[in-house]
S.K.: 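What follows is a single structure, and I will ask about it in a moment.
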Amino acid sequence: MADKKFYLTTPIFYPNAKLHMGHAYTTTLSDIVVRYHRLLGEKTYFLTGSDENTQKVVQAAAAAGEEPKVFLDKIVENFKTLFSSLDISYDQFIRTSDEQAHWPGAIALWNKLQESGDLYKKEYEGLYCVGHEAFITEKDLVDGKCPDHGTVPQYIKEENYFFRLSRYTEDIRKKIIADELVVAPATRKREILSLLDEGLQDVSFSRPRTATSVGIPVPNDDSQVMYVWCDALSNYITALGYGRDDALYQEFWPVNVHVIGKDILRFHAAIWPAMLMSAGIALPKTILVHGFITSGGKKMSKTLGNVIDPEELLAEYGTDAVRYYLARYISPFEDGDITREHCKAAYNADLANGLGNLAARIMQLAQTHLSEPVAVEWKPFPKEFTDAMEKFEVNRAVEYVWQRIQALDQKITAEAPFKVVKEDAQKGKAIITELVTELAAIDLMLEPLVPQTSKKIIEAIMANKKPENLFPRKD
Ligand code: ME8
C-alpha cells in the first residue's frame with residue numbers, strides 16, 4: 001500500500017473576484033477525498049491554483065483601479081487565506097502567471113501538439129464571451145446576450161491557431177464508454193457522450209497578441225498568445241514539472257482524479273483528453289463532476305440577497321462545521337442547497353447535540369471512572385465507509401458515520417454505565433472502555449471530514465480527559 005499514489009486536482013480558479021461558496025465546495029470535497037487516501041497510507045499529491053492569464057482578470061483589475069499584478073497578488077493571498085480557514089491540505093498552489101513554474105510546460109505541450117500536426121492557422125469569425133473565456137454561438141444567446149453572464153459577447157474576426165479536436169472524437173468516446181477515462185457520475189458520462197455523438201469541432205487555441213494583453217506567447221509566432229483554456233488545462237501537468245523538471249510528473253501522472261464543477265465538463269472531458277492524446281500523454285483516470293450550489297433553490301445573487309459568503313460562515317461556525325455541512329448536505333453529484341437556517345439547524349442537531357455531546361458524555365465517564373487512558377488500536381475502516389468514499393459519495397460516508405454516532409449514544413442510554421459502575425465497578429468500567437474504543441473508531445473516520453475535531457477527540461482519549469466544548473450551541 002505504501003507505494004500507491006494518489007494525485008488529485010481542483011480547477012484553477014479565476015482570480016477576478018473573491019471565492020464563493022461553490023469554489024469552497026469544490027475545494028472542500030477535494031480535500032476530503034485526498035485526506036481519506038492519505039489516511040490509507042497512499043502517497044498523495046493535491047494541486048490547486050489560479051487561472052491568471054485571462055481578460056477577465058485584466059478587466060477586474062482595471063475596474064478596481066489597480067495594476068494587474070498587484071490586484072492578482074492580493075486576490076491570490078485571499079484565496080490562500082480562505083483555503084487555510086477551510087483546512088485545505090494542498091501540496092501546491094499553481095499560478096498560471098508563474099513564468100518559471102507554469103510557462104515552460106505549457107510551451108512544451110504546445111510544441112507536442114504542433115509536432116503531431118494538430119495545430120493550424122485559420123481566419124476566424126465569431127462571438128467571444130469574456131465571462132466564459134470562450135467562443136459561443138448565436139444559438140446560445142438569449143436576447144443577444146450570454147444567458148450565463150448577461151453580457152453581450154464581443155464580435156471577433158481574427159487569425160487563430162486551431163486545435164484539431166475533431167480528430168479525437170471517436171477515440172475519446174471509446175475511452176469514456178469503456179471507463180478507461182471514468183466520468184462520474186453516470187449522468188455526466190451520458191452528457192459528455194451525447195456531446196461526443198454530435199462530433200467535436202476544432203477549437204481556437206490562440207488569440208492575436210493585439211486582442212489580449214495577457215497570455216503565454218505561442219512558440220515561434222510572435223503575433224499570437226495561447227488561448228486561456230489551452231494554457232489553463234496544462235496546469236495539471238506543468239505543476240508537476242512537465243517540460244521542466246519532471247520528477248513529480250513521473251511519479252504522479254496520470255492523475256487519479258480531476259475534481260470539477262458541471263460548468264467545465266466539456267473542457268475537461270473532451271478538449272483536455274484530446275490534447276493529451278495528441279501529445280502522447282496518458283489520460284486522467286477519473287473526472288469527478290459535481291453540481292452547483294444554490295441558496296433557497298436559487299442561484300446566489302446580490303439582487304436576491306441570498307449570497308452566503310464562505311468567510312462569514314466560517315467566522316460564525318468555524319472550519320469543521322462548514323466542512324461538515326458541505327460534506328453532508330451537498331451531494332457531490334447533484335445540485336445542492338445551503339441556507340443560513342439549515343446551517344444553524346444542522347449545527348445544533350448534528351454537531352452540538354450529536355458529536356460534541358457524545359464525545360463529552362463518554363470522556364466525562366472515562367475521566368471519572370478509568371484510572372488510565374484506553375489503549376486504542378488502529379482498525380481498518382468499515383466497508384460501508386470505504387465503499388462510499390471510493391465512489392466519492394462523501395455525503396453517504398458522513399451519514400454512515402453519524403449513524404454510528406447515534407448508535408453509540410443509544411448504547412450509553414441502554415447500558416447506563418453511570419449506574420452500573422456504582423453497583424459493579426468492573427462491569428461499569430468495561431462498558432466505558434467499550435464506549436471509548438468505539439468513539440476512537442468513529443474518530444478516525446472523522447479525520448478527513450472534520451480534521452480539527454478529530455484531533456481534539458483523539459487527544460482527549462489519549463489524555464483520558466473530557467475535551468473542551470467542541471460545538472457550543474447556537475441560539
Ligand atoms: O472555470 N456551485 O474557474 P472559476 C458549485 N478557471 N461549484 C461552483 C459554483 C457553484 N455555484 N460556481 C463555481 C474556471 N463553482 C476556470 C477553470 S481549470 C483548468 C480552469 C466551482 O473560477 C466549480 O468547481 O470560474 C467550477 O468548475 C469552478 O468553481 C469554476 O471556477
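We're numbering straight along the sequence, starting at 1. Treat the numbers as computed from the prediction; the structure is a model and nothing was measured. Each ligand, and each atom within it, is numbered from 1 in the order the structure gives.
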S.K.: Do Lys5 side-chain atoms and Phe252 backbone N/O form a donor-acceptor pair below 3.5 Å?
M.R.: yes
S.K.: Just wondering, are more than 12 heavy atoms of other shown residues or ligands nearer than 6.0 Å to CD in Glu123?
M.R.: yes
S.K.: Below 3.5 Å, N or O to N or O, backbone or side chain included: is there any such pair between Gly261 and ligand 1?
M.R.: yes
S.K.: Go through ligand 1 atom by atom and flag the ones less than 4.0 Å from a non-hydrogen atom of Asp263.
M.R.: 26 (C), 27 (O), 30 (C)
S.K.: Show the nearest heavy-atom pair for residues Pro11 and Thr26, with the distance to one decimal.
M.R.: CD-CG2, 3.4 Å
S.K.: Starting from atom 15 (N) of ligand 1, locate the nearest protein heavy atom and write down its residue, its atom name and how far away it is, to 0.1 Å.
M.R.: Gly22 C, 4.0 Å
S.K.: Give a yes or no on whether Gln100 atom CD has more than 12 heavy-atom contacts from other residues, nucleotides or ligands under 6.0 Å away.
M.R.: no
S.K.: For atom 28 (C) of ligand 1, which protein heavy atom lies nearest, and how many Å away is it?
M.R.: Phe13 CE2, 4.1 Å
S.K.: By number and element, which atoms of ligand 1 are closer than 4.0 Å to a non-hydrogen atom of His268?
M.R.: 18 (S), 19 (C)
S.K.: Nearest 0.5 Å, please: how far is CD1 in Ile88 from CG in Asp31?
M.R.: 4.5 Å
S.K.: Can you pull out the closest protein heavy atom to atom 29 (O) of ligand 1? Residue, atom name and distance to 0.1 Å, please.
M.R.: His23 CD2, 3.1 Å
S.K.: By number and element, which atoms of ligand 1 are closer than 4.0 Å to a non-hydrogen atom of Asp51?
M.R.: 6 (N), 16 (C), 20 (C)
S.K.: In the protein, what heavy atom is nearest to atom 2 (N) of ligand 1, and what distance, to one decimal place, separates them?
M.R.: Ile293 N, 2.9 Å
S.K.: Please say whether more than 12 non-hydrogen atoms of neighbouring residues, nucleotides or ligands are located less than 6.0 Å from CD in Glu399.
M.R.: yes
S.K.: May I ask whether His290 has any heavy atom positioned less than 4.0 angstrom from an atom of ligand 1?
M.R.: yes
S.K.: Counting only heavy atoms not in Lys189 (residues, nucleotides, ligands), do more than 12 fall under 6.0 Å from its NZ?
M.R.: yes
S.K.: Which one holds for Tyr14 and ligand 1: side chain close, backbone close, both close, or neither close, with close meaning a heavy atom under 4.0 Å?
M.R.: both
S.K.: Just to be sure I read this right, does ligand 1 sit under 4.0 Å from the backbone of Phe267, its side chain, both, or neither, counting only heavy atoms?
M.R.: neither
S.K.: Does atom CG of Asp197 have more than 12 heavy-atom neighbours, drawn from other residues, nucleotides or ligands, at distances under 6.0 Å?
M.R.: yes
S.K.: Are Arg323 and Asp87 close enough for a salt bridge, meaning some N to O gap below 4.0 Å?
M.R.: no
S.K.: Which atoms of ligand 1 are found less than 4.0 Å from any heavy atom of Thr26?
M.R.: 21 (C), 23 (C), 24 (O)
S.K.: What I want to know is whether Leu233 and ligand 1 share at least one N or O pair that is separated by under 3.5 angstrom.
M.R.: no
S.K.: Might you work through the side-chain hydrogen bond (donor to acceptor under 3.5 Å, both in side chains) test for Thr294 and Asp337, ending with a clear yes or no?
M.R.: CA-CA 5 Å; Thr294 53; Asp337 200 65; 2.7 Å; yes
S.K.: Report the nearest protein non-hydrogen atom to atom 18 (S) of ligand 1: residue, atom name, distance rounded to 0.1 Å.
M.R.: Tyr236 OH, 3.4 Å
S.K.: State the atoms of ligand 1, each with its element, that fall below the 4.0 Å cut-off from a heavy-atom position in Gly291.
M.R.: 5 (C)
S.K.: Could you find the nearest protein heavy atom to atom 13 (C) of ligand 1 and give me its residue, atom name and distance?
M.R.: His20 CE1, 3.6 Å
S.K.: Is Glu133 in contact with ligand 1, taking contact as a heavy-atom separation below 4.0 Å?
M.R.: no
S.K.: Starting from atom 17 (C) of ligand 1, locate the nearest protein heavy atom and write down its residue, its atom name and how far away it is, to 0.1 Å.
M.R.: Ile12 O, 3.2 Å
S.K.: For Arg340, is there an ion pair with Glu316 - N to carboxylate O distance below 4.0 angstrom?
M.R.: no
